[in-house]
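What follows is a short report on a single structure.
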Amino acid sequence: MMDYSFLFSDDVQVMEYSAIRRMAKLAMQPGIISFSGGFPSAETFPVTEIRDVTASILETEGKAALQYGMTLGHSGLHEVVLECVQARGIPDAALNQIAITSGSQQALDLLGRLFINPGDCVFFELPSYVGAIAAFRNLRAKLVGVRQQLDGIDLADLARQVDQERRQNGRPKILYLVPNFQNPSGVTLSQEKRRQLMELCNRENLVVIEDDPYGEIYFDSTVVSRLKPLRSMDPEGRVIYLSTFSKILCPGLRTGWVLASPLVIEKLDLAKQAADLCGSMLDQRIVAECWKRGIIQNRLPEIRSFYRKRCNVMLGALREFMPAGISWTEPLGGLFIWMTLSERLNSELLLNASLEQAGVSFVIGPPFFVNREGSNTLRLAFSKESEDNIALGIEKLAQVIRHHLS
Ligand code: PMP
């Protein structure tokens with residue numbers, strides 16, 4: 001067998017198999033009540049509508065849809081994205097600030113390539129999205145953790161960490177955060193903090209990656225209408241706003257986007273050419289047509305209420321069954337609840353017991369922490385299971401926790 005070990009690049013040495021994927025596989029065993037998969041519910045996918053839209057695209061513009069296209073994406077979808085971000089409170093967005101990517105995950109990878117030299121600092125909330133951690137870790141960025149509070153990132157800790165990096169001759173460059181209904185914690189950044197955060201990032205000259213896949217999946221419009229995207233408070237063009245159709249249509253069409261300064265989009269074009277020449281023109285046309293027919297917008301109220309109900313069932317069951325000393329977040333939207341166990345409990349040991357004794361899965365906390373803390377934390381996704389299974393799964397998990405505590 002060929003020995004590759006001396007041939008792989010230095011970057012490969014730092015790549016890690018996602019603990020979450022490993023756990024997701026475990027959780028797919030039949031009979032398991034899964035709170036681990038971070039997927040949207042397939043029950044929300046408009047399969048019939050997508051079939052009809054696809055057929056009509058193949059009929060009317062089949063050849064163009066099956067051809068290569070522009071690296072930055074199908075122009076019809078750029079117009080849709082513009083409409084979409086304007087509706088989200090970014091009125092000054094423009095077409096030359098948009099790039100379509102293969103999900104927002106590709107945007108994270110490409111942005112890493114644009115900005116990161118090995119050792120450059122990227123600040124992440126503790127906890128943060130594992131896909132972003134992996135994208136920047138793979139490029140040998142220095143990953144620096146910043147405390148998170150119930151109203152979002154701890155600004156004093158961010159200021160402290162940036163200052164410390166500067167004093168140690170570090171190169172603080174990027175702050176990555178998910179301000180709305182964060183994956184994994186469900187926490188939302190308060191409006192007050194959004195303003196202060198932008199002041200801090202202006203002062204410290206940080207690029208801000210605002211990752212917003214869940215913003216449309218809110219449970220109460222009155223709360224969320226007060227929350228403005230960071231990009232809308234950014235006259236300097238330092239915020240790079242990412243979003244995706246994965247949670248509001250379906251992830252299988254692999255369509256996300258970047259809204260950023262044209263200076264960034266220009267370089268992203270170059271990086272993306274080398275990555276894939278262009279994304280799927282068929283997928284992008286399908287998404288654009290779904291928007292034009294109102295399929296995406298009209299279904300949003302239903303999707304919000306679908307997840308709100310599941311979230312409420314999980315919160316109700318947590319209140320009813322969990323023993324004292326266990327706490328959890330109460331998300332305003334999204335797919336996730338974050339649980340903190342008492343200090344002496346370990347979520348990995350608990351997961352083994354939970355799978356064995358209760359057939360209930362979740363994701364342990366440490367992979368979400370760039371400093372590997374969080375051994376007494378875990379993520380519960382309420383997206384996959386039915387309301388009955390959610391209540392049953394939480395009751396069973398609570399029994400396992402009680403057993404562990406005694
Ligand atoms: N960012 C966050 C915070 C996510 O949770 C996800 C999906 N789990 C993504 C980005 C990537 O999603 P996609 O590539 O499907 O757009």
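Note that ligands are numbered from 1 as they come in the structure, with each ligand's atoms numbered from 1 the same way.
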CE/M233: more than 12 non-hydrogen atoms of other groups inside 6.0 Å: yes
heavy-atom search around atom 5 (O) of ligand 1 in the protein gives Y214 OH, 2.5 Å
Only heavy atoms of P213, strictly under 4.0 Å: list the atoms of ligand 1 that pass. 1 (N), 2 (C), 3 (C), 4 (C)
Considering K247, R254, Q106, Q105 one by one, which has a heavy atom nearer to atom 8 (N) of ligand 1 than any of the others? K247
Within a 6.0 Å radius of atom CD on E343, are there more than 12 heavy atoms belonging to other residues, nucleotides or ligands? no
Quick check on E302: does its CD atom have over 12 non-hydrogen neighbours (other residues, nucleotides or ligands) under 6.0 Å away? no
In the protein, which heavy atom is nearest to atom 9 (C) of ligand 1, and how far is it? Y129 OH, 3.4 Å
Run the salt-bridge test on E385 and R310 with the 4.0 Å N-O cut-off and return the result as yes or no. no
Angle class for the W338/F368 ring planes (parallel below 30°, perpendicular above 60°, tilted otherwise)? perpendicular
Would you mind running through ligand 1 and noting each atom that sits below 4.0 Å from a heavy atom of G103? 13 (P), 14 (O), 16 (O)
Mark up the atoms of ligand 1 that fall under 4.0 Å of a heavy atom belonging to S246, in ascending order. 13 (P), 15 (O), 16 (O)
Do R166 and D163 meet the salt-bridge criterion of a basic N to acidic O distance under 4.0 Å? no
Give yes if a backbone or side-chain nitrogen or oxygen of S102 is under 3.5 Å from a nitrogen or oxygen of ligand 1, and no if not. no
Identity of the nearest option to atom 12 (O) of ligand 1, non-hydrogen atoms only, from S104, A132, G252, S243: S104
Ligand-side contact atoms (ligand 1) for residue partner V178, heavy atom cut-off under 4.0 Å: 3 (C)
F219 ring centre to R304 NZ or CZ under 6.0 Å, with the angle to the axis within 45°? no
Going by the closest heavy atom to atom 1 (N) of ligand 1, which one wins out of N180, D211, V130? D211
Numbered in order shown, the ligand 1 atoms found under 4.0 Å of a heavy atom of T244 are 13 (P), 16 (O)
Non-hydrogen atoms of F39 versus ligand 1: any pair closer than 4.0 Å? no
Can you give me the closest heavy-atom contact between Y129 and L108, atom names plus distance? CE2-CD1, 3.8 Å
